[in-house]
Peer 1: 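I'd like to ask you about the structure that follows.
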Amino acid sequence: MCQHHMISFVDPLVTSYTVVDFRNRATTLIEDIFARNKIPIVVGGTNYYIESLLWKVLVNTKRQEMGIGKAADRKVELEKEDSRELHKRLSQVDPEMAAKLHPHDKRKVARSLQVFEETGISHSEFLQRQHAEEGGGPLGGPLRFPNPCILWLHADQTVLDERLDKRVDAMLAAGLLEELRDFHRRYNLKNISENSQDYQHGIFQSIGFKEFHEYLITEGKCTPETSNQLLKKGIEALKQVTKRYARKQNRWVRNRFLSRPGPSVPPVYGLEVSDVSKWEESVLEPAVNIVQSFIQGHKPTATPMKMAYDETENKRSYHMCDLCDRIIIGDREWAAHIKSKSHLHQLKKRRKLNSDAVAHIETQSSSPDCDPEPKEEKSPGQHEQELKARV
């Protein structure tokens with residue numbers, strides 16, 4: 001029998017609970033479990049929160065160190081301001097961090113500004129200190145606890161998508177709509193009436209609330225047909241966002257552990273769960289053997305997962321696409337952008353515009369109404385410069 005911790009322990013209306021609060025409570029529990037000669041098992045979940053337990057990657061502000069909840073409130077205040085203005089302010093106090101963050105990534109920009117405001121030290125300086133610690137590296141500070149082991153349960157994407165759809169159906173059959181109606185009536189109706197609904201913070205940002213917003217606020221106020229359509233729309237949205245989140249989690253594992261290995265990245269052992277009928281031999285038995293090897297100080301017979309990666313790839317490189325008027329952060333993201341449909345569409349429009357401009361110039365030059373005076377003949381290079389100026 002395993003004791004579970006940190007389940008249903010935060011009031012649903014608390015919006016100031018942060019990853020630092022989670023880290024502080026979880027690490028205290030982990031240390032207590034170790035002190036009792038037990039093995040803590042972290043199951044999840046939100047990858048960012050798990051990362052805070054594995055590495056020393058977070059920055060404590062003075063208010064957080066003193067346990068003052070206003071620290072999160074300051075970040076929320078900053079997030080209400082214009083994103084470009086926030087980014088401009090960050091570039092003045094911490095240009096290195098500003099160059100790594102997209103101007104629209106308001107949460108991270110606000111967090112970096114908060115760190116500087118409350119400590120007087122730039123966020124990038126804090127991170128550099130973490131990287132310089134013994135055991136630290138380009139991904140962050142050293143490991144928080146020694147000898148960690150990661151078991152990654154992964155499945156074929158088609159199988160996973162089907163499984164996630166069925167899970168949503170099971171949640172609905174188990175009373176999800178009744179739970180949402182009750183929560184909406186008790187906690188959300190007043191916010192909506194006051195036009196203060198916020199789906200960006202606290203429990204309301206969780207998957208499952210905003211997807212049924214239209215259905216909940218119109219239930220009983222529209223025709224049964226319309227209500228049924230909005231319900232179907234909410235269910236489909238919930239399934240789509242759930243699958244999208246699962247893909248995001250898998251990308252995080254690949255990027256953080258497999259394709260960007262560093263000196264303090266724990267080994268990852270993959271366990272295939274596509275066929276649940278083979279659970280015993282494919283998951284349970286190898287997982288027990290791996291964990292027992294770690295406990296006994298032996299090297300597991302299983303081989304950790306590895307992935308080819310490009311050492312020259314820069315995760316935080318800055319790219320400006322003038323064609324799309326977009327800022328792209330990261331080499332991989334830039335490579336994906338220039339192959340994207342939206343970029344290729346803009347490229348096609350630009351080429352057509354250039355072609356139309358050339359045709360217009362040629363038409364003008366051949367028109368009988370044009371100035372009969374002889375023109376100075378231009379070289380191809382001069383003609384191209386004039387065309388660019390016109391476009």
Peer 1: With side-chain hydrogen bond (donor to acceptor under 3.5 Å, both in side chains) as the criterion, how do E51 and N47 come out once you've worked through the C-alpha distance, each side chain's angles and the decisive distance to 0.1 Å?
Peer 2: CA-CA 6 Å; E51 186 173 330; N47 296 325; over 6 Å; no
Peer 1: Looking only at heavy atoms, which two atoms of I33 and P40 are closest? And how far apart?
Peer 2: CG2-N, 3.7 Å
Peer 1: Evaluate side chain to side chain contact (heavy atoms under 4.5 Å, CB included) for L127 paired with M97, printing each intermediate quantity in order.
Peer 2: CA-CA 10 Å; L127 297 180; M97 184 57 71; 3.4 Å; yes
Peer 1: Would Q296 and Q292 satisfy side-chain hydrogen bond (donor to acceptor under 3.5 Å, both in side chains), going step by step from the backbone distance to the final call?
Peer 2: CA-CA 6 Å; Q296 296 167 1; Q292 284 181 340; 5.1 Å; no
Peer 1: Return the minimal non-hydrogen interatomic distance between H343 and H337, and the atom names on each side.
Peer 2: CB-O, 3.2 Å
Peer 1: Determine the minimum heavy-atom distance between H102 and V109, stating which atoms define it.
Peer 2: O-CG2, 3.8 Å
Peer 1: I would like to know whether H123 and S112 meet side-chain hydrogen bond (donor to acceptor under 3.5 Å, both in side chains); could you show each step before the answer?
Peer 2: CA-CA 5 Å; H123 198 175; S112 293; 2.8 Å; yes
Peer 1: Distance under 6.0 Å and angle within 45° of the ring axis: does R247 meet both against W252?
Peer 2: no
Peer 1: Determine, for D32 against K38, whether the closest basic-nitrogen to carboxylate-oxygen distance falls under 4.0 angstrom.
Peer 2: no
Peer 1: Are V283 and V159 connected, step by step, through hydrophobic side chains (Ile, Leu, Val, Met, Phe, Trp, Tyr) whose heavy atoms are closer than 4.5 Å?
Peer 2: no
Peer 1: Return the minimal non-hydrogen interatomic distance between A155 and E272, and the atom names on each side.
Peer 2: CA-OE2, 3.7 Å
Peer 1: Within a reach of under 6.0 Å around CD of E117, are more than 12 heavy atoms found that belong to other residues, nucleotides or ligands?
Peer 2: yes
Peer 1: Would D161 and K239 pass as an ion pair if we require N to O under 4.0 Å?
Peer 2: no
Peer 1: Give a yes or no on whether a salt bridge exists between K233 and E211, defined as a side-chain N under 4.0 angstrom from a carboxylate O.
Peer 2: no
Peer 1: Can you measure from NZ (K210) to CG (L216) and round to the nearest 0.5 angstrom?
Peer 2: 13.5 Å
Peer 1: Can you name the nearest heavy-atom pair linking T18 to Y49, along with the distance?
Peer 2: C-OH, 3.9 Å
Peer 1: Taking 4.0 angstrom as the limit, do E81 and K106 come out as a salt bridge?
Peer 2: no
Peer 1: Taking it one step at a time, do F257 and W55 satisfy ring-ring contact (aromatic ring centres under 6.0 Å, His included)?
Peer 2: CA-CA 12 Å; F257 295 114; W55 291 282; 5.7 Å; yes
Peer 1: In terms of side-chain geometry, is the basic nitrogen of E77 or R74 positioned less than 4.0 Å from the acidic oxygen of its partner?
Peer 2: yes
Peer 1: Side chains of R111 and Q114: is there a donor and an acceptor less than 3.5 Å apart?
Peer 2: yes
Peer 1: Whether D21 and R25 form a salt bridge (side-chain N of Lys/Arg under 4.0 Å from carboxylate O of Asp/Glu) is what I want to check.
Peer 2: no
Peer 1: In plain terms, say whether D169 and K166 are close enough for a salt bridge, that is, a side-chain N and a carboxylate O under 4.0 Å apart.
Peer 2: no
Peer 1: Would you say that more than 12 heavy atoms from the other residues, nucleotides or ligands in this model lie under 6.0 Å from the CZ of R129, or not?
Peer 2: yes
Peer 1: Side-chain donor-acceptor pair under 3.5 Å between S124 and D94, yes or no?
Peer 2: yes
